[in-house]
Amino acid sequence: MTSDPQSAAPSARPATTPADLSAVRFPDGFVWGTATASYQIEGAVAEDGRGPSIWDTFAHTPGKITGGDTGDIADDHYHRYPEDISLMADLGVSHYRFSLAWPRIQPEGRGQLNGAGVDFYSRLVDSLLERGIQPWVTLYHWDLPQPLEDAGGWPERDTAERFAEYAAVVQQRLGDRVKDWTTLNEPWCSAFLGYASGIHAPGRTDGPAALRAAHHLMLGHGLATRALREQGARDVGITVNLYPVDPATDSAADRDAARRIDGLMNRVFLDPLLRGAYPEDLLKDLSSVTDTDHVRDGDLAIINTPLDFLGVNYYTRHVVRAGTATGRPSNWVGSEDVEFVKRGIPETAMGWEIDPDGLYETLTRVWREYGPLPLYVTENGAAFDDRVEADGRVRDEARRAYLESHFAAAHRALSEGVDLRGYFVWSLMDNFEWAHGYGKRFGLVHVDFETQRRTMKDSGHWLAEITRANGL
Ligand code: IFM
């Protein structure tokens, strides 16, 4: 997830933490987890028959990633997963959300299975279960097999069909032990960062292609959901990254800018997934950009296949105003003129404003406008400039405070009736933060990328108390 905020400041909204934290208790059975993604942690990109993904190609293209970093080694999780599972056990989490590298399982993105790739995930799942940690599998967290991109990628309908086939074979191999499935992680990023602004793989800058990609990602989700269930899966959902979008002022132009960005960010996915239709106003906004010939009869019914849960990833809020287009490639297809405004409130190392109220608003909005349906926070967390001090500790007080305020915000939504079932912290450990490389540390566990030494941060020790107490 990446925003493109610009300067200046409307009235700042303070990040709030409730006075009485001891009242924050979560229901019995509440899921506490940590999350990661394959390309961000695994490394071993050419081992045991794994094929190249679009992220291998992109990261090896000069100028795309800060410092020229790549995921070639990453956290070397492919070899060190037993140690990483021990760290999860220390955190006391009940669940681990991770993604499968499609090119490890189907190097060509179709047909022939790579047995060694499946075996890796099978070992990982078994090892988690041995430690009493439930695997929560995301099928796609952005590492499309390169041969599928060479054939046109997500803007092509065929990719959605290949994705459903892949989902079915994975359920056949792992479905005896994996209960919870997420089809896609953050299709907004795949579509708009990947095909519109091009700051993520595959790095294309083609607005209409991004809109076709968004549709085919959702179609792939719907087809995969049906394929998983036909093979016996019971708990299937999708994860979307949602932001409240506020106008910078009450002017009609700023309010319209907020409506348009909300359409392109949130409702473009929520409406088809949960209502079976694209928002009318969004279609109107986009009518001069593209036609809808790629949307075939029956697609929206497939996309609208009932979900067992919705995963929500939350990091910050957008504040926007009407402005002028820069002419540079933009995530905001058809609304390139909208400017993103900073409010002058504290930020993380990503430059994302810290706004726990936005999590409360996001969860209650989904519940009010699209629910009722079970929700999980499938990602929330923060990057800060952490370092291991001479005494071996990582004093990441800012991350603890960030998580505490967001847990409290989620609890507030829960206490108002939202069916929130769990919370996954992003991330288990520092990892490859996409176009930012290794410079942005989101982990509860610090990783020294020279030595691969792992160090539990203070926030990790604190989280272990939260998971034990099931409250703050
Ligand atoms: O690292 C990413 C993750 O892959 C998807 N959600 C947002 C995280 C932080 O940017």
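Judged as a ring-ring contact (aromatic ring centres under 6.0 Å, His included), and not counting sequence neighbours, the contacts of Tyr376 are Trp136, Phe309.
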Verdict with reasoning, Arg104 to Glu47, per salt bridge (Lys or Arg N to Asp or Glu O under 4.0 Å): CA-CA 9 Å; Arg104 228 182 253 298; Glu47 255 177 78; over 6 Å; no
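We find the OH-CG distance between Tyr166 and Leu139 to be 5.0 Å, quoted to the nearest 0.5 Å. Distance check, rounded to the nearest 0.5 Å: CZ of Arg399 to CD of Glu404 gives 14.5 Å. Atom CG of residue Asn114 and atom CD of residue Glu108 lie 11.0 Å apart, to the nearest 0.5 angstrom. Rounding to the nearest 0.5 Å gives a distance of 4.5 Å between NE2 of His221 and CG of Leu307. To the nearest 0.5 Å, atoms CD (Glu369) and CG (Asp271) are separated by 8.5 Å. Note that OH of Tyr278 and CG of Leu283 are 8.0 Å apart. Values are rounded to the nearest 0.5 Å.
The residues Lys64 and Asp69 are annotated as not salt-bridged, no charged nitrogen and carboxylate oxygen being separated by less than 4.0 angstrom. By the 4.0 Å N-to-carboxylate-O rule, Glu336 lies too far from Arg328 to be salt-bridged with it. Of the charged side-chain nitrogens involved, none lies within less than 4.0 Å of a carboxylate oxygen, so that Lys342 and Glu353 do not count as a salt-bridged pair. Between Asp285 and Arg260 there is no salt bridge, since none of the side-chain N atoms of the basic residue sits less than 4.0 Å from a carboxylate O of the acidic one. Between Arg50 and Asp56 a salt bridge is recorded (basic side-chain N to carboxylate O distance below 4.0 Å). Between Asp430 and Lys440 no salt bridge is recorded (no basic side-chain N to carboxylate O distance below 4.0 Å).
Enclosure of atom CZ in Arg365 by more than 12 non-hydrogen atoms of other residues, nucleotides or ligands within 6.0 angstrom is indicated. Around CZ of Arg368, the count of heavy atoms belonging to other residues, nucleotides or ligands within 6.0 Å exceeds 12. Atom CD of Glu165 has more than 12 neighbouring heavy atoms from other residues, nucleotides or ligands inside a 6.0 Å radius. Within 6.0 Å of CG on Leu113 lie more than 12 heavy atoms contributed by other residues, nucleotides or ligands.
Counting heavy atoms from C-beta on, the side chains of Thr324 and Asp337 never come closer than 4.5 Å. The shortest distance between side-chain heavy atoms of Thr138 and Phe98 does not fall below 4.5 Å. Contact check for Val240 versus Glu186: no side-chain heavy atoms found under the 4.5 Å cut-off. Residues Leu273 and Met218 meet the side-chain proximity criterion, which asks for heavy atoms closer than 4.5 Å. Within the 4.5 Å cutoff, no side-chain heavy atoms of Thr249 are placed close to those of Arg321. The shortest side-chain heavy-atom distance between Thr362 and Val312 falls under the 4.5 Å cut-off. Side-chain atoms of Asp293 and Arg212, non-hydrogen and from C-beta on, never get closer than 4.5 Å to each other. Side-chain contact between Met429 and Asp84: present, with at least one pair of heavy atoms (C-beta onward) separated by less than 4.5 Å.
Screening Arg267, Arg317, Arg255 for a salt bridge (charged side-chain N to carboxylate O under 4.0 Å, His left out) involving Asp262 leaves a single residue, Arg267.
Under the 30°/60° scheme for interplanar angles, the aromatic rings of Trp434 and Trp55 are found to be tilted. Aromatic ring orientation, Trp102 versus Tyr140: perpendicular (interplanar angle above 60°, classes split at 30° and 60°).
Judged by distance alone, with hydrogens and angles left aside, the side-chain atoms of Trp142 form a donor-acceptor pair with the main-chain N or O of Asn185 at under 3.5 Å. No side-chain donor-acceptor contact under 3.5 Å links Gln231 to the backbone of Ala168. Between the side chain of Gln40 and the main chain of Phe432, a donor-acceptor pair closer than 3.5 Å is present. Without hydrogens or angle criteria, Lys284 side chain to Pro279 main chain gives no donor-acceptor distance under 3.5 Å. One N or O on the side chain of Thr159 and one on the backbone of Gly153 form a donor-acceptor pair closer than 3.5 Å. With hydrogens and angles ignored, the 3.5 Å screen pairs no side-chain donor or acceptor of Asp75 with any backbone N or O of His77. A donor-acceptor contact shorter than 3.5 Å is absent between the side chain of Arg441 and the backbone of Asp385. Without hydrogens or angle criteria, Asp299 side chain to Arg296 main chain gives a donor-acceptor distance under 3.5 Å. Without hydrogens or angle criteria, Thr61 side chain to Thr57 main chain gives a donor-acceptor distance under 3.5 Å. Listed for the Ser99 side chain is a donor-acceptor partner under 3.5 Å among the backbone atoms of Ser38.
Under the 6.0 Å cut-off for aromatic ring centres, Tyr423 and Phe30 do not qualify, their centroids lying 6.0 Å or more apart. If you look at His200 and Phe58, their ring centroids are not closer than 6.0 Å.
A donor-acceptor contact under 3.5 angstrom links the side chains of Trp181 and Gln171, judged on distance only. Side-chain N/O atoms of Asp355 and Thr316 include no donor and acceptor closer than 3.5 Å.
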